[in-house]
There are 2 protein chains.
Amino acid sequence: MAMQAAGTDRPATIHDIAAMCGVAASTVSRALSTPARVNIRTRARIEAAAAELNYTPNNQAKALSSGRTGAVGVLVPDITNPFYFDLIRGTQLQLKAAGYTQLLVDTEESDEVEASSMEQLRKSADGIIVTASRLSDEALLAAAAKVPIVTINRDVVGVPAVVIDTPSATSQALDHLVSLGHTRIAYMAGPLTSQSSTLRWNALAAAAEDRGVDVRRLGPFAPKTQSGAAAADAAVHSGVTACIAFNDLIAIGMLQRLRERGIRVPEDMSVVGCDDIFGADFCNPPLTTMASPIEQAGRVAVSMLLAQLNPLAGGGNRSRSLMPTHLTVRGSTGPVRHS
Amino acid sequence: MAMQAAGTDRPATIHDIAAMCGVAASTVSRALSTPARVNIRTRARIEAAAAELNYTPNNQAKALSSGRTGAVGVLVPDITNPFYFDLIRGTQLQLKAAGYTQLLVDTEESDEVEASSMEQLRKSADGIIVTASRLSDEALLAAAAKVPIVTINRDVVGVPAVVIDTPSATSQALDHLVSLGHTRIAYMAGPLTSQSSTLRWNALAAAAEDRGVDVRRLGPFAPKTQSGAAAADAAVHSGVTACIAFNDLIAIGMLQRLRERGIRVPEDMSVVGCDDIFGADFCNPPLTTMASPIEQAGRVAVSMLLAQLNPLAGGGNRSRSLMPTHLTVRGSTGPVRHS
DNA sequence: TTCCCAATGACAACCGATTGCCAAATGTTG
DNA sequence: CAACATTTGGCAATCGGTTGTCATTGGGAA
């Protein structure tokens, strides 16, 4: 039997409710947010009126007066990189569960866009999750002083971070290749500004020395399938029998190029990717890769951020979380061919 | 030599600027938004002060008082579906170019989440782009009456829409298969609530009758690679020699399953997908598919929405835009094998 | 019955901008 | 030089809530 106020098309406000119940707007506000503060019967009337008017709070106004926006910004360098799909889904799920809204921003791999987005978000979000930041340590620290931040795959002392432990996985990958008989191996590096790429290379170089095998670094290559062609050519030219790519996009691009050139995978060249993104399981051949718990990383980052925002809720806010990875062996790696 | 006001850590407001220049806040507001309305020298002083204080407008407050939020909501049914990656990138680029912010929402293929998101967005966005809506025609029309909307791949009279012309592409796909000698063909349908799926089937059925070939409808199947297994089994069981899938995800899933079962593609079964998503070119075999100008569709949708928001700017706001498609033939289709 | 205190509800300031309206200052014209 | 038109800048209300403060009310204890 609920009837809308005739002609009133715009969304209902607490003032409409207040008028309908004959109370002050502040009472309505309290009834809805601090129920204990208001007589239970009054509250019932207010809630009924709210339901009848189909009331939804205006969170712009809410944010303005309370300072809390109920939103969290998520910065990704490239929205079309499948790696971020799962990440975004992870953050989205966890944020929604906590009643927060996700503001997704594509920073286009630019530190300037990243910086200006953070400045902007500082006022329209309660906190920010920054993935694979291109900013300097100083800039990141300065930003973290102004607004709660959690980084993903970017480790700076003083800034809470979720780090996917791909460096350790690269050692596993190396062991895998060594056990297949490979001794000449290449690392196809990612962007120079990528901390992840550097850390992986360091881990790889150290492990290679341990095992006494020859690992050289090639690149840098942009993290896109298109770069895979150049990477493949470089790998072939360098005379290695196996390579470990910065990520799956490069690896998949390499597979395509190697196929074009008639170089068989894994017979002539073994390829290992990183991340286990969408497509890694159905490319040709299916890609051996270091599987990252990407979606989970997104969820953990949100949890850490929310713990920072509501310190009361306990849950001891860790400042750093290392996500384990493991090697998933598929068809793109095989025994070295003794020619 | 710019110095920050000592100790003041919070973002500067127009009041800070006003105080620094000895004018009223409203003058600052005008100087920044309606420059012609203010003395050029005063404006210069204000701009200098704004720069010095590192001022950025608080768009929450801006939205509250002006009614314009400078944001556009984009609703997608499943953020992890690669089809939407390019779409999102398209909307993101065009929105950013126009100075708008994108609010991305994953409706989880649920009409209820979709409806509540729209109600929410109605207050925090100037307009909404709705992709592959699960809502009824009536609900969509009602929503469009309250807030500017542009739909993508959902055609309802009275609601501006961008429609990717996949129905016509399915006819091309059929012709392609017929020219390869196939006469028994299956359509692997998408969700029952998907208008696109229905339209494609109608176009396909009509074209099949024209050509005198047998096309049957199987499914429905969820638009995920996992559903491809069931789809593949159904196709094999039905005795067809070729099939046209609702989208690339199903098609790619089918390829995997067929491979598992030792059924060769395209020798034993030809498969056609739809959309040409990320991965369609490097799966095994590469997928013949109907290529959609997805990113462009996103951009056009934004243009149509912005035209609706700023009617003055001219640009004759079309209410419907049909995006052309074409068949991209790769390795998953081949001549029928006469056994 | 009286007194006191806790529970309750209303008022009003405030968040950071926009904007209608008016007054002061400026410039132009007869 | 007076009268008028035109800029230009400021006041104050407004958007939709939150929140500190205070007056009122009711109930329970003495």
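Each chain gets a letter, A, B and so on, in the order the sequences are listed, and its residues count up from 1.
Results of the side-chain contact (heavy atoms from CB on, under 4.5 Å) test with B:Tyr84 over B:Asp86, B:Thr80, B:Leu87 single out B:Leu87 as the only residue that passes.
Side-chain contact, B:Thr91 with B:Gln102: a donor N or O sits under 3.5 Å from an acceptor N or O. For the residue pair A:Thr69 / B:Gln60, no side-chain donor-acceptor distance below 3.5 Å is found, with atom types taken as modelled. Side-chain contact, A:Glu114 with A:Ser133: a donor N or O sits under 3.5 Å from an acceptor N or O.
The two residues B:Ile14 and B:Ser29 come nearest to each other via the heavy atoms CD1-CB, 4.4 Å. Considering all non-hydrogen atoms of both residues, A:Ile17 and A:Ala49 come closest at CG2-CB, 3.9 Å. Counting all heavy atoms, side chain and backbone alike, A:Leu103 lies closest to A:Ser124 at CD1-O, 3.7 Å.
One N or O on the side chain of A:Arg45 and one on the backbone of A:Cys21 form a donor-acceptor pair closer than 3.5 Å.
The separation between B:Asp16 atom CG and C:dC15 atom C1' is 13 Å, rounded to whole Å. The CZ-P distance, from A:Arg43 to C:dT8, rounds to 10 Å in whole Å.
Rounded to 10 degrees, the angle separating the terminal axes of the helix from C:dT1-D:dA30 to C:dG30-D:dC1 is 50°, with each axis obtained from five end pairs.
A salt bridge links B:Arg154 with B:Asp137: at least one charged nitrogen is closer than 4.0 Å to a carboxylate oxygen. Salt-bridge formation is detected for the pair B:Asp78/A:Arg89: a Lys NZ or Arg NE/NH1/NH2 atom is positioned less than 4.0 Å from an Asp or Glu carboxylate oxygen.
The residue B:Ala36 sits close only to the backbone: its heavy atoms come under 4.0 Å of sugar-phosphate atoms, none of a base.
Protein chain B contacts DNA chain D over a range whose 5' and 3' limits, counting nucleotides with an atom under 4.0 angstrom from a non-hydrogen atom, are D:dT8 to D:dG16.
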Would you tabulate the nitrogen or oxygen pairs shorter than 3.5 Å linking the protein to nucleotides 16-19 of chain C?
unit_1 : atom_1 : unit_2  : atom_2 : d
C:dG16 : N2     : B:Ala61 : O      : 3.4
C:dA17 : OP1    : B:Tyr55 : OH     : 3.1
C:dA17 : OP1    : B:Asn58 : N      : 2.9
C:dA17 : OP2    : B:Ile14 : N      : 2.9
C:dA17 : N3     : B:Ser65 : OG     : 3.3
C:dT18 : OP2    : B:Ser29 : OG     : 2.3
C:dT18 : O4'    : B:Ser65 : OG     : 2.9
C:dT19 : OP1    : B:Arg68 : NH2    : 2.8

